[in-house]
Amino acid sequence: MNLDRTKQGMAKFVAAQSPRVDYLAMYAGTVVAQRGANSFDFQPDDPRIPSLAGIPIKLPFPGFSLTLDPSANSRALLGWVQGDPAQPELRLWEAAGLEAFGLQASQKVSLVAPAVNLGSDPGAEAALMAETYRAAEDTFFTTLITALTTAGAALTAAGAVPTSAAVAPAGAALTATSEALVTFQAATATYLSQVVKNS
Amino acid sequence: MPSMSVNGIPVMQARIARPRVGNWTAELAADADLASQLPPGTPATVHFGSVDYVGTSIRSDAYAQNVTLRVQGGAGGLGKDCAPQFYSQVPASKPLQDALASVGESLSGTSDPQALGKALAFWTTIKQPVSHALTSLAQAAGADVVWRVLPDGSVFFGADGFADSVLTDFELVDFMPLEGLQVISSEDPIVNPGESFSGRNVSVVEHLLSAGKTRTRVWFE
């Protein structure tokens, strides 16, 4: 800034009364390494600012954790809490280089939206509507059980006649199949989970 | 009346201003034939009473057989920029001494150990005048911590205890209560900012030499 001599003196005096004013700004730079949970080494673009090591990142919500790919040269902004040189922190993140993202809550995490995408690989398929599917499956199994039980009883009865001895085993097999389906249905409550993984 | 000289050269007129926070300055006038060898950047020691004020010439010029000179305490480095540096898990003394050493200044041995030992989890020194960095560190080291340049040119860092001044041989020339100012005359006015004088805490001390007489103005907090 070009100032005349009087203003230069005044500017220096004012600057001397506010030595921390430069700490109130945020400075762009590159994350060069991760030191631990949410702790990073940072190289600012501005040559007036030194490289910093092991400084925390402030995330928008508690419970978040980040793991970065250092080779991705992720970008962030550096600032100081209350303009205090003793309290550096990283803020506002550019998305490149995220390796892992964690969210830990003591009660519940809800993702509520008309659409939630889990994975975007070309081979990804739609998630199963488990409860709807199980209800439809139960209906099918009930129908199948009824048919198999009826057929099994009829064939067993028919096999009791000596000329139809080969029929009795068929009836027994159908009865056994029906019983297996009943067992499967009885364990319905164990087929659904609130813990999901993507693959 | 105490005499005043700069690098052994008699001074005809002078004002030495010594604030409790920051650097002291001396504005002097001497005979041109004697004082022409004090260009800016030259080490300059002002002798007044029993005290030597060790500083550096920052401006000088000559007119009508007089040289006027401005001297600042220390080695003239406090206005220079310090190098950017990051620290973790250090006492305040570490960035402080690094900043001073980088511009040829020194830390006084009378500095406050408690202030120097203030633990800093992180500290970021950005490129800025060393004097600004000292002010930032003083803020971090404690609410009452200050820095100032002492007569010997070193930098004191710490909280003032306002100990009683040892000056007892003086004459009170004037007292302005509303301004918080006393004007005294003394053969050796060894009163300092950061002390207690006449029951009041001293904020600024000015030594004035003109027309063959010396006066010291003591401004209170």
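Chain A is the first sequence line, chain B the second, and so forth, proteins listed ahead of strands; every chain is numbered from 1. From a predicted model like this one, the values you see are computed outputs, not experimental measurements.
At most 12 non-hydrogen atoms from other residues, nucleotides or ligands lie less than 6.0 angstrom from CE of A:M10. By the neighbour-count criterion of 12 heavy atoms within 6.0 Å, atom OH of A:Y133 is sparsely surrounded, having that number or fewer from other residues, nucleotides or ligands.
A heavy-atom distance below 4.5 Å is found between the side chains of B:F86 and A:I55.
For B:A121, no part lies near chain A; criterion is any non-hydrogen pair under 4.5 Å. Neither the backbone nor the side chain of A:P44 has a heavy atom closer than 4.5 Å to any heavy atom of chain B.
Nearest heavy atoms, B:F122 versus A:P88: CB-CD, 3.6 Å.
When the side-chain contact (heavy atoms from CB on, under 4.5 Å) test is applied to A:F140, the partners found at least two apart in sequence or on another chain are A:L144.
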Produce the donor-acceptor pair table for chain A versus chain B, cut-off under 3.5 Å.
| residue | atom | partner | partner atom | Å |
| --- | --- | --- | --- | --- |
| A:P19 | O | B:Q128 | NE2 | 3.2 |
| A:R20 | NE | B:S136 | OG | 3.2 |
| A:R20 | NE | B:Q139 | OE1 | 3.1 |
| A:R20 | NH2 | B:S136 | O | 2.7 |
| A:Y23 | OH | B:T124 | O | 2.6 |
| A:Y23 | OH | B:I126 | N | 3.4 |
| A:R48 | O | B:K127 | N | 2.9 |
| A:W80 | NE1 | B:T124 | OG1 | 3.1 |
| A:P85 | O | B:T124 | N | 3.1 |
| A:P85 | O | B:T124 | OG1 | 3.3 |

